[in-house]
Amino acid sequence: MEKYSGILLLLPILMSFAAVSLNSGYANAAVFLPPEDKPLVRHYYKKLNTCANVEPFVRHQVKLYWDKDKTITAKLLKLLYADCMVNGCDASVLLTGPNTERNSSKNARLDGYLLIDKIKKVLEIRCPRAVSCADILNLAVRDAVHYAGAPSYPVLLGRRDGVESKAEWIDYPSPSMSWEEGLAYFESKNLDVQDFVTLLGAHTMGQAHCSSFYDRLYDFKGTGKPDPSMKRSVLVKLRDQCPKNSKNDSPVYFTEEYGSNYTFTNKLYTKVIAHESLLRVDQQLSYGSDTGELVDEYAKSLEQFRRGFALSISRMGGLKVLTGKNGEIRQDCKFTNKNNPNIH
């Protein structure tokens with residue numbers, strides 16, 4: 001408990017979401033933000049009187065975009081993951097330029113930047129130089145997943161933006177990793193087993209390209225054979241969508257009919273139980289004792305998953321944040337203020 005010293009902020013705020021199986025023993029571990037030098041604050045901009053209506057401003061822009069393009073939820077979730085899991089939630093993934101995270105081939109499929117830029121432009125008119133891009137991204141994700149069916153959880157604010165971004169920081173694990181490797185990666189970021197299992201559930205709203213699970217179809221672990229844990233009917237269907245030796249790298253919905261409309265559901269976990277997962281890392285969740293228990297729990301109850309998700313995404317949003325005088329408040333999310341061509 002000492003490592004969470006002083007960071008009990010989510011306990012009173014998120015207690016309504018914290019009924020995540022007291023029987024499993026995970027709820028208490030997930031109601032705290034990861035330890036940081038300075039905690040984030042609820043209604044930060046309202047308390048400072050710098051942008052009291054930031055949340056409705058962001059929510060309005062997200063709703064306008066979401067009404068036209070439901071895929072924005074999955075895009076923003078992936079963008080937040082890419083930001084927070086690489087050197088912390090400092091909006092460094094939004095910076096353009098040579099050798100940045102954004103320009104890395106590993107992030108070639110990231111999207112959602114246009115909406116963040118739009119929100120930032122609106123806020124710069126309403127509240128100049130007040131709201132960080134890092135906070136905007138966290139708020140936009142909250143609203144997008146809420147419109148898709150997740151709870152509208154409270155977002156603690158006060159993040160500041162990083163002033164550098166390096167492609168070499170990117171350390172994403174392989175989608176073919178084992179559950180042990182996946183959990184070790186999350187633990188290296190100061191997250192836990194519940195966060196690992198819960199945040200993978202976001203796959204229910206997105207797609208995976210053939211290249212990310214091709215090995216499971218044709219050459220699992222170099223055997224020249226498919227992954228024996230994949231259900232035969234699913235294997236046949238996926239091989240039809242992703243032919244052997246084809247250059248086709250088409251996207252495939254994680255949960256087929258459930259994912260095609262980008263609705264927040266717990267269907268990923270029922271797919272894991274039925275051995276119908278696309279990615280090995282998802283299927284692997286059924287093999288760990290703790291991970292398997294959470295999979296069963298979430299598969300049985302969408303409400304448990306919704307509550308667990310509110311907690312875990314809040315924890316991810318608190319990783320290695322910059323606060324106080326660290327970092328800056330960018331005027332354009334694509335550039336540090338020093339490199340912004342519009343600042344003279």
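The residues of the chain are indexed from 1 along the displayed sequence. The figures here come from the full heavy-atom set of this structure, side chains too, leaving out hydrogens, waters and symmetry mates.
- A salt bridge does not link Lys106 with Glu101: none of the charged nitrogens is closer than 4.0 Å to a carboxylate oxygen.
- Just one of Lys231, Gln283, Arg216 meets the side chain to side chain donor-acceptor pair (under 3.5 Å) condition when paired with Ser277; it is Gln283.
- A side chain to side chain contact (heavy atoms under 4.5 Å, CB included) with Pro226 is found for one member of Leu238, Val236, Leu235 and no other, namely Leu235.
- When atom types are taken as modelled, the side chain of Glu55 and the backbone of Leu139 share no donor-acceptor pair closer than 3.5 angstrom.
- In this model, a donor atom of one side chain and an acceptor atom of the other lie less than 3.5 Å apart for Tyr298 and Thr198.
- Here the OG1 atom belonging to Thr336 is positioned 10.0 Å from the CG atom belonging to Asp161, to the nearest 0.5 angstrom.
- Residues Leu183 and Tyr81 share a single hydrophobic cluster, defined by chaining ILVMFWY side chains whose heavy atoms lie under 4.5 Å apart.
- Ion pairing of Asp215 with Lys221 is absent here, as no side-chain N (NZ or NE/NH1/NH2) approaches a carboxylate O to less than 4.0 Å.
- Under a 3.5 Å cut-off, the side chain of Thr223 and the backbone N or O of Phe220 do form a donor-acceptor pair.
- Under the 4.5 Å side-chain contact rule for hydrophobic residues, Ile136 and Leu95 do not share a cluster.
- Between Lys189 and Asp171 there is a salt bridge, since a side-chain N of the basic residue sits under 4.0 Å from a carboxylate O of the acidic one.
- In this structure, CG on Leu137 lies 10.0 Å from OH on Tyr113, to the nearest 0.5 angstrom.
- Salt bridge status for Glu303 with Arg306: present, with a side-chain N to carboxylate O gap under 4.0 Å.
- Under a cut-off of 6.0 angstrom, the local environment of CZ in Arg239 is crowded, with over 12 non-hydrogen atoms contributed by other residues, nucleotides or ligands.
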request  = Please step through ring pair (Phe, Tyr, Trp, His ring centres under 6.0 Å) for the pair Tyr147 and Phe264, ending with a clear verdict.
outcome  = CA-CA 9 Å; Tyr147 290 130; Phe264 183 91; over 10 Å; no

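- Checked by atom type, the side-chain pair Tyr172/Asn107 shows a donor-acceptor distance below 3.5 Å.
- No side-chain donor-acceptor contact under 3.5 Å links Asp143 to the backbone of Ala140.
- By the criterion of side-chain heavy atoms lying less than 4.5 angstrom apart, applied directly or through intervening Ile, Leu, Val, Met, Phe, Trp or Tyr residues, Ile329 is not grouped with Ile116; the two fall into different hydrophobic clusters.
- With no hydrogens or angles considered, a side-chain donor-acceptor pair links Asp135 and Tyr45 at under 3.5 Å.
- Within 6.0 Å of CG on Asp67 lie more than 12 heavy atoms contributed by other residues, nucleotides or ligands.
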query = Can you list the steps and then say if Val131 with Ile119 is a side chain to side chain contact (heavy atoms under 4.5 Å, CB included)?
reply = CA-CA 10 Å; Val131 183; Ile119 295 171; over 6 Å; no

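- Tyr214 and Tyr218 have tilted rings, their planes meeting at an angle from 30° to 60° on a 0 to 90° scale.
- At a threshold of 4.0 Å, the pair Asp332-Lys121 does not count as salt-bridged, since none of the basic side-chain nitrogens sits closer than that to a carboxylate oxygen.
- Remark: side-chain polar atoms of Asp90 are not paired, donor with acceptor, to backbone N or O of Ala134 under 3.5 angstrom.
- Arg160 places a side-chain N or O within donor-acceptor distance of the main-chain N or O of Asn326, the cut-off being under 3.5 Å.
- Val93 and Leu322 are assigned to two separate hydrophobic clusters, defined by single-linkage of ILVMFWY side chains at heavy-atom distances under 4.5 Å.
- Taking 4.0 Å as the cut-off between side-chain N and carboxylate O, Lys300 and Asp296 do not count as a salt-bridged pair.
- For His146 and Arg59, the side-chain atoms include no donor-acceptor pair closer than 3.5 Å.
- When Trp179, Tyr269, Phe186 are each tested for a side chain to side chain contact (heavy atoms under 4.5 Å, CB included) with Val197, only one passes: Tyr269.
- Proximity of a side-chain donor or acceptor of Arg159 to a complementary backbone N or O of Gly317 within less than 3.5 Å is detected.
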